[in-house]
Engineer: 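So that we are looking at the same thing, I have put the structure below in structure tokens.
First the proteins, then the strands, lettered A, B, ... as listed; each starts at 1. Hydrogens, waters and symmetry mates are skipped; everything else that's a heavy atom, side chains included, is used. Just so it is clear, the structure is predicted and the values come from calculations on it, not from any experiment.
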Amino acid sequence: MLIVNSPVKEIKEIQKDIFLQKIYSPVIAKQIKPGQFLNIRVSETVSPLLRRPFSICDVDGDYIFLMFNIFGEGTKILSHKHIDDTVDILGPLGNGFNLTNDFDTAIIVAGGLGSAPFPFLTRLLKDKFDIYSFVGGRSKNDVITYNLLNVQTATDDGSLGFNGNVVQLFEKNLPSFKSKKIKVFGCGPNAMLRALKEVCIAHNINCEVSTECAMACGFGICQGCPIEATEQSDKYLLVCKDGPVFNVKDVII
Amino acid sequence: MSNIDLSVTIASLKLRNPIMLASGTVGYGNEIAEFIDLNKIGAIVTKSLSLKPRKGNAPQRITETPAGMLNAIGLANVGVEVFLKEKIPFLKKYDVPLICNIAASSVEEYVECTRMLNEEETIKAFEINVSCPNVKDGGLQFGNNLTAVGKVTEKVRAVTNKPLIIKLSPNVSYIHEFAQVVKDSGGDAVSAINTLVGTAFNIFTRRPKIQNVFAGLSGPAIKPIALAKVLEIHQKVDIPIIGIGGIMNWKDVVEFIIVGASAVQIGTLNFIDPTAPIKILKDLENYCKQMKINSVSELTGSYII
Ligand SMILES: Cc1cc2nc3c(=O)[nH]c(=O)nc-3n(C[C@H](O)[C@H](O)[C@H](O)COP(=O)(O)OP(=O)(O)OC[C@H]3O[C@@H](n4cnc5c(N)ncnc54)[C@H](O)[C@@H]3O)c2cc1C
Ligand SMILES: Cc1cc2nc3c(=O)[nH]c(=O)nc-3n(C[C@H](O)[C@H](O)[C@H](O)COP(=O)(O)O)c2cc1C
Ligand code: FES
């Protein structure tokens with residue numbers, strides 16, 4: 001875990017209201033793994049006070065990328081950074097996705113900004129594994145397919161792709177993966193992850209998800225980010241330290 | 001580095017400097033040790049310990065407010081037994097005074113926790129939390145009641161000779177009355193303040209942002225209140241005070257000391273910048289140099305009104 005002040009090198013609006021920020025941060029770039037996150041102090045003032053957690057979207061050499069939309073005050077400030085302004089990064093945090101060799105096909109299931117961690121995962125997996133991506137959103141503007149492979153889309157309002165949610169789309173496509181050893185990687189709102197968990201457990205599919213929770217510290221000292229473990233009902237796990245990536249079997253989302 | 005004396009004494013507790021890390025904001029020390037050398041810190045106060053492990057409140061436990069945060073962690077902790085077995089060995093590796101903060105739902109539980117922890121020589125003092133706003137039983141119920149605070153102080157005093165600090169609630173009209181009771185009942189010092197009761201609602205769903213509804217407010221937003229509470233105690237009661245509330249930098253530390261604190265605790269800032277306590281120490285030393293103050297303890301209560 002490090003704290004590094006790192007300069008912003010590029011800000012792009014990759015689609016309406018979705019920003020990609022390129023940051024020069026060689027030390028973090030060297031250490032971080034897909035599914036891990038950073039806790040970013042967007043300004044030195046006391047409001048906003050706390051850091052904001054962001055998944056690592058991608059890494060390219062000495063550069064790291066964040067993906068976000070303008071949600072509140074913190075993301076607004078982040079989107080207004082000029083080139084060479086710095087952001088104060090605390091990371092790498094949490095546990096990333098488990099990339100063991102017990103699968104041959106990676107299936108990404110992402111809802112809304114849940115697409116954020118997957119360009120990095122795709123970059124690392126694409127030479128060794130088959131990758132399929134199911135990407136959903138409320139409407140077509142919320143569907144983020146940036147740097148993903150073999151994409152199928154779903155929207156709640158039917159404005160793009162499958163008319164329904166992304167988990168339904170994934171379930172509908174499951175028969176086509178019958179002969180493969182698949183592993184599912186999910187990220188999105190917790191309600192979506194809950195539905196994904198149900199489907200994966202029903203079909204006995206190995207599935208890891210990146211969960212979301214309000215955080216203060218991001219490294220285990222505030223106890224602010226509890227998540228219920230399936231087995232240990234007497235205590236909570238911490239999303240920031242024990243997660244944010246969990247096997248769906250291990251937690252109650 | 002210099003000849004400035006940063007050490008402070010609170011009852012029989014000797015600290016190399018007045019910067020302590022506040023309960024609930026450093027866990028049991030291991031995570032923050034990745035960022036700072038704990039041996040340089042004045043003291044570390046553990047997360048509130050209770051007799052049995054506590055799971056804590058359901059999420060959502062925290063939310064941000066202007067220049068502050070609300071938390072309703074609900075005293076999630078491993079319990080005294082696990083603390084002694086699994087957490088103390090790590091802390092033993094450091095030469096930093098360890099202060100155990102205790103929270104309980106009855107006088108008997110406070111006494112039992114203290115008794116169990118008292119044998120452990122690594123523990124240099126106790127801080128009794130009678131002021132947590134986030135638990136149903138105990139907590140504020142005690143902190144709001146002069147007789148209860150007196151009784152807890154007296155009963156815990158009877159089972160330990162180590163310095164006994166009572167952490168007071170700001171959610172009372174006259175905090176000095178509580179400081180007086182602590183003194184009269186054998187307490188050695190008071191910590192002021194714990195978090196203030198607050199809440200926040202989502203205007204679209206009309207639901208509370210924190211599952212527990214009420215929560216504790218901390219951070220820079222509470223600093224002026226904390227300073228006023230420290231000053232009130234200092235003006236009315238002759239007892240050492242540990243100042244807490246919204247400290248973000250060395251200037252805040254100096255302000256607390258001037259209004260009457262002998263030492264301070266850093267809380268919410270640890271979440272934002274876990275390296276800050278060490279920076280503050282350096283800056284504090286520079287301030288003393290610049291102001292030609294030889295010993296930081298001279299500053300305590302040196303306000304001019
Ligand atoms: C592990 C993790 C990874 C994340 N990765 C990304 C990402 O790659 N891209 C992205 O756009 N967003 C991501 N988020 C969500 C992101 O942290 C919030 O959208 C952001 O904090 C909102 O800040 P704000 O100041 O704009 O909004 P505000 O409304 O001002 O936020 C207020 C407070 O609530 C917290 N908060 C609000 N919403 C969330 C949320 N959904 N999750 C966690 N905390 C929240 C904030 O940290 C802050 O303390 C991630 C969250 C987590 C926990
Ligand atoms: C997340 C969080 C957890 C806390 N837990 C405890 C606790 O277990 N026991 C306690 O006595 N105080 C606890 N506190 C209160 C702090 O020790 C401190 O009194 C308060 O936060 C004010 O200081 P600050 O503004 O510097 O944070 C907690 C505070 C926060 C923010
Ligand atoms: S965010 Fe502080 S413990 Fe997880």
Side-chain angles (χ1 to χ4, degrees), chain A residues 1-5 31 39-53 71-75 77 88-94 190 211-229 232-244 251-253, chain B residues 21-22 24-36 47-48 52-79 82 134 209-211 215 218-221 223 246 248-249 252 267-276:
Chain A
M1 280 189 289
L2 298 160
I3 298 180
V4 258
N5 231 348
Q31 295 186 10
N39 212 3
I40 296 188
R41 192 173 186 186
V42 297
S43 108
E44 281 177 16
T45 59
V46 295
S47 203
L49 182 67
L50 301 174
R51 290 174 182 270
R52 301 293 191 255
F71 181 85
E73 201 51 40
T75 42
I77 294 171
D88 183 343
I89 297 178
L90 195 164
L93 298 172
N190 283 350
T211 54
E212 214 177 69
C213 187
M215 292 183 180
C217 68
F219 60 98
I221 59 171
C222 75
Q223 299 281 322
C225 60
I227 186 166
E228 197 105 30
Q232 292 172 287
S233 60
D234 58 332
K235 66 170 198 197
Y236 286 110
L237 298 173
L238 296 177
V239 170
C240 73
K241 214 181 146 191
D242 304 311
V251 285
I252 299 167
I253 304 165
Chain B
L21 307 183
T25 68
V26 285
Y28 305 106
N30 44 331
E31 288 93 358
I32 203 142
E34 289 203 31
F35 293 101
I36 55 170
K47 174 82 192 155
S48 279
K52 296 273 169 277
R54 284 183 88 118
K55 191 178 175 188
N57 294 330
Q60 182 159 337
R61 286 181 177 176
I62 52 177
T63 193
E64 185 164 336
T65 57
M69 65 178 278
L70 286 167
N71 90 78
I73 308 297
L75 298 181
N77 80 95
V78 296
V82 175
N134 299 325
K209 289 188 182 170
I210 300 276
Q211 177 73 17
S218 66
K223 195 189 83 176
M248 293 299 284
N249 52 49
D252 297 336
T268 302
L269 178 57
N270 295 319
F271 305 153
I272 302 159
D273 182 2
T275 64

Engineer: Against chain A, label Phe35(B) side chain, backbone, both or neither, depending on which of its atoms sit under 4.5 Å from a heavy atom there.
Structural biologist: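 It is the side chain, since no backbone atom gets that close.
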Engineer: Can you tell me which portion of Asn77(B) sits under 4.5 Å from chain A's heavy atoms? Options are side chain, backbone, both or neither.
Structural biologist: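 Asn77(B) has no heavy atom closer than 4.5 Å to chain A.
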Engineer: Provide the closest heavy-atom pair for Pro59(B) versus Tyr236(A) in the form atom of the first, atom of the second, distance.
Structural biologist: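 Answer, listing the atom of Pro59(B) first, then Tyr236(A): CD-OH, 4.1 Å.
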Engineer: Holding to side-chain contact (heavy atoms from CB on, under 4.5 Å), I want the full list of residues that pass it with Pro220(B), two or more places apart in sequence or in another chain.
Structural biologist: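 Partners of Pro220(B) by the side-chain contact (heavy atoms from CB on, under 4.5 Å) criterion, ordered by chain and then number, come out as Val46(A), Leu49(A), Ala67(B), Met248(B).
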Engineer: If you count heavy-atom pairs within less than 4.5 Å of chain A, which of Glu31(B), Lys47(B), Glu34(B) leads?
Structural biologist: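 Among the listed options, the one with the most contacts to chain A is Glu31(B).
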Engineer: With a 4.5 angstrom heavy-atom cut-off, is it the side chain or the backbone of Gln60(B) that approaches chain A, or both, or neither?
Structural biologist: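 When you check distances to chain A, only side chain atoms of Gln60(B) fall under 4.5 Å.
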Engineer: For Ile272(B) and Leu50(A), work out which heavy atoms get closest and say how close.
Structural biologist: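 Heavy-atom minimum between the residues: CG1-CD2, 4.2 Å.
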Engineer: Out of curiosity, Ile32(B) CD1 to Cys217(A) SG, how far, rounded to the nearest 0.5 Å?
Structural biologist: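 It comes to 9.0 Å.
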Engineer: Examine whether an atom of Thr63(B) lies under 4.5 Å from a heavy atom of chain A, and if so say whether it belongs to the side chain, the backbone or both; otherwise answer neither.
Structural biologist: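 Interface part for Thr63(B): neither.
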Engineer: Tell me, side chain or backbone of Thr45(A) under 4.5 Å from chain B's heavy atoms, or both, or neither?
Structural biologist: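 Neither part.
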Engineer: With rounding to the nearest 0.5 Å, note down the distance linking CD1 in Ile62(B) to SG in Cys225(A).
Structural biologist: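 Here the interatomic distance stands at 7.0 Å.
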Engineer: Any heavy-atom pair between the side chains of Glu228(A) and Lys55(B) that's under 4.5 Å?
Structural biologist: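 In short, these two side chains touch, coming nearer than 4.5 Å.
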Engineer: I need the residue from Ala76(B), Gly219(B), Ala58(B) with the largest number of non-hydrogen atom pairs under 4.5 Å to chain A.
Structural biologist: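 The answer is Ala58(B).
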Engineer: So, for Pro226(A) and Arg61(B), which heavy atoms are closest and what is the spacing to 0.1 Å?
Structural biologist: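 The pair with the smallest heavy-atom distance is CG-NE, 3.4 Å.
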Engineer: Please name the pair of heavy atoms, one in Ser47(A) and one in Pro66(B), separated by the smallest distance, quoted to 0.1 Å.
Structural biologist: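 Smallest heavy-atom distance, with atoms named: OG-CA, 4.1 Å.
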Engineer: Indicate the atoms forming the closest heavy-atom contact of Ile3(A) with Pro274(B), along with that distance.
Structural biologist: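 In terms of heavy atoms, the two residues are closest at CD1-CD, 3.7 Å.
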Engineer: Write down the atom of Met69(B), the atom of Ala216(A), and the distance for their closest heavy-atom approach.
Structural biologist: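 Taking every non-hydrogen atom into account, CE-CB, 4.0 Å.
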Engineer: With a 4.5 angstrom heavy-atom cut-off, could you sort out which part of Leu90(A) is near chain B: side chain, backbone, both or neither?
Structural biologist: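 Contact with chain B is through the side chain of Leu90(A) alone.
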Engineer: With a 4.5 Å cut-off on heavy-atom pairs, point out which of Lys235(A), Gln223(A), Lys241(A) contacts chain B the most.
Structural biologist: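 Among Lys235(A), Gln223(A), Lys241(A), the one with the most close pairs to chain B is Gln223(A).
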Engineer: With a 4.5 angstrom heavy-atom cut-off, is it the side chain or the backbone of Ala221(B) that approaches chain A, or both, or neither?
Structural biologist: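 Neither part; nothing is under 4.5 Å.
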